[in-house]
Amino acid sequence: MPELPEVETVRRGLQPVFEGARILDVEQRRPDLRYPFPPDFARRLRGRTVVSLGRRAKYLIAHLDADPVLICHLGMSGSFRIHSGAAETLPGEFHHARSKDEAHDHVVFHLKDQAGETHRVVFNDPRRFGFMLFCEAASLDAHPSLAGLGVEPTGNALDGPLLARLLSGRRVAVKAALLDQRLIAGLGNIYVCEALWRAGIPPTREAGAVAADRALCAALAEAVRAVIAEAIEAGGSSLRDHIRTDGSLGYFQHSFSVYDREGEACRRPGCGGAVSRLVQAGRSTFYCPSCQA
DNA sequence: AAGTGAACCTGAAGGC
DNA sequence: TGCCTTCAGGTTCACT
């Protein structure tokens, strides 16, 4: 699912419920997701207070009042739902068949916020590519999941000259380079396609060739930052099962220019081309052969 | 070393 | 209706 804008949308949705809240209890309903849960997962979280909920690339990072730090990744299909207020129906209480969706509710956090309100935060992940890990606060930056990550495409850090340095000398297609989390951290298949379209760059062009063109690098850096900023502003996209923490849908999908639009008209004014699909490194690339040439 | 493809897992969608 | 194949937002690992 989730690329950086979706993870940031989730973070913003969870923040008011998590930050300052005490973790009353954690239900861990299976031994593993993508990886096994850490030993004593629920026990180590119980009683902790959440100091802050941050994000690095596509990782959510919950800092607690004492070790450990909780690192969470949504994988392809992970999502959080918040149920606030008084005790609700417990699963099975009325002998309702558990819905198919509920079968993928893998973790439930029981929280009490500073105002004394209680919340249940449910992590659901049908494909189970998501994961939750612990890390000691002192060694967070050295954690294997985080240590190699590149620059965030938010803010102003990613500009033309930096992008040129990142792409310089690389023989891979620029599409693959933009997906490489060691270079830019947080881009995924959708927003890479969108950014390349905005900048008018063919996805198959060698990364090093883009690096050699200063104007092109400036345009691509600007396109990456703009598409990410706009998607965050719009509350993330909504593909299939991606939902925000309140259950509403992100709507950036309505402004996709090329992603999942194979055969449809290019949206660049005056272009007149049609969106094509090709496969690079096993993943679909959507682009306009007319204006990305 | 860098780059490609498979694997992880479930569900949705399309063809017949 | 069902059975089959293909495909999906990500990451990691095993190969060339």
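A sub-4.0 Å separation between OP1 or OP2 of dC9(B) and a side-chain N or O of H104(A) is absent. The phosphate of dG9(C) (OP1 or OP2) has no side-chain N or O of S77(A) nearer than 4.0 angstrom. OP1 or OP2 of dG9(C) has not a single side-chain nitrogen or oxygen of K58(A) nearer than 4.0 Å. Considering only side-chain N and O atoms, H73(A) lies nowhere under 4.0 angstrom from the phosphate OP1 or OP2 of dG10(C).
A salt bridge links E206(A) with R171(A): at least one charged nitrogen is closer than 4.0 Å to a carboxylate oxygen.
In this structure, CZ of R283(A) is placed 8 Å from P of dA8(C), rounded to the nearest angstrom. The separation between I228(A) atom CD1 and dG9(C) atom P is 15 Å, rounded to whole Å. Between R128(A) atom CZ and dG9(C) atom C1' the separation is 18 Å, expressed in whole Å. Rounded to whole Å, atom P of dT6(C) lies 17 Å from atom CE of M76(A). Atom CZ of F286(A) is separated from atom P of dC7(C) by 11 Å (rounded to the nearest Å). Atom CG in D32(A) sits about 9 Å away from atom P in dC9(B), given to the nearest Å. Protein atom NZ of K175(A) is 11 Å distant from nucleotide atom P of dT4(B), rounded to whole Å. Atom CG in D180(A) sits roughly 10 Å away from atom C1' in dA2(B) (whole-Å rounding).
Inspection of the N124(A) and S79(A) side chains reveals no N or O donor paired with an N or O acceptor under 3.5 Å.
By the 4.5 Å heavy-atom criterion applied to side chains, M132(A) and L70(A) are counted as neighbours. With contacts defined as side-chain heavy-atom distances shorter than 4.5 Å, the pair L187(A)/L4(A) does not qualify.
The distance between the ring centers of F123(A) and F109(A) does not fall below 6.0 angstrom.
When atom types are taken as modelled, the side chain of E19(A) and the backbone of V17(A) share no donor-acceptor pair closer than 3.5 angstrom. A donor-acceptor contact shorter than 3.5 Å is absent between the side chain of R267(A) and the backbone of V258(A).
Heavy-atom contacts from other residues, nucleotides or ligands closer than 6.0 Å to CZ of R30(A) number more than 12.
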Under 3.5 Å between N/O atoms: give me all the protein pairs with nucleotides 12-16 of chain C, atom names plus distance.
unit_1: dT12(C); atom_1: O4'; unit_2: R34(A); atom_2: NH2; d: 3.0

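To the nearest whole angstrom, the two P atoms, one in dA14(C) and one in dC9(B), are 16 Å apart. Separation of the P atoms belonging to dA1(B) and dT11(C) is 23 Å when rounded to the nearest angstrom.
To the nearest 0.5 Å, atom CD of residue E8(A) and atom CG of residue L60(A) are 9.0 Å apart. Remark: T154(A) OG1 to I232(A) CD1 distance equals 6.5 Å, nearest 0.5 Å.
Among the nucleotides dG10(C), dT4(B), dA8(C), the one closest to the side chain of V172(A) is dT4(B). Closest contact between the side chain of P126(A) and the listed nucleotides dG11(B), dG9(C), dG3(B) involves dG11(B).
For R170(A) and dA2(B), a side-chain-to-base donor-acceptor distance below 3.5 Å is absent, hydrogens and geometry of angles not being considered.
Between R182(A) and F129(A), the one whose closest nucleotide on DNA chain B sits nearer the 5' end is R182(A).
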Dot-bracket notation for DNA chain C is requested: 5' to 3', Watson-Crick or G-U wobble pairs only, both distances under 3.5 Å, with ( ), [ ], | and . as defined.
-> .|||||||.|||||||

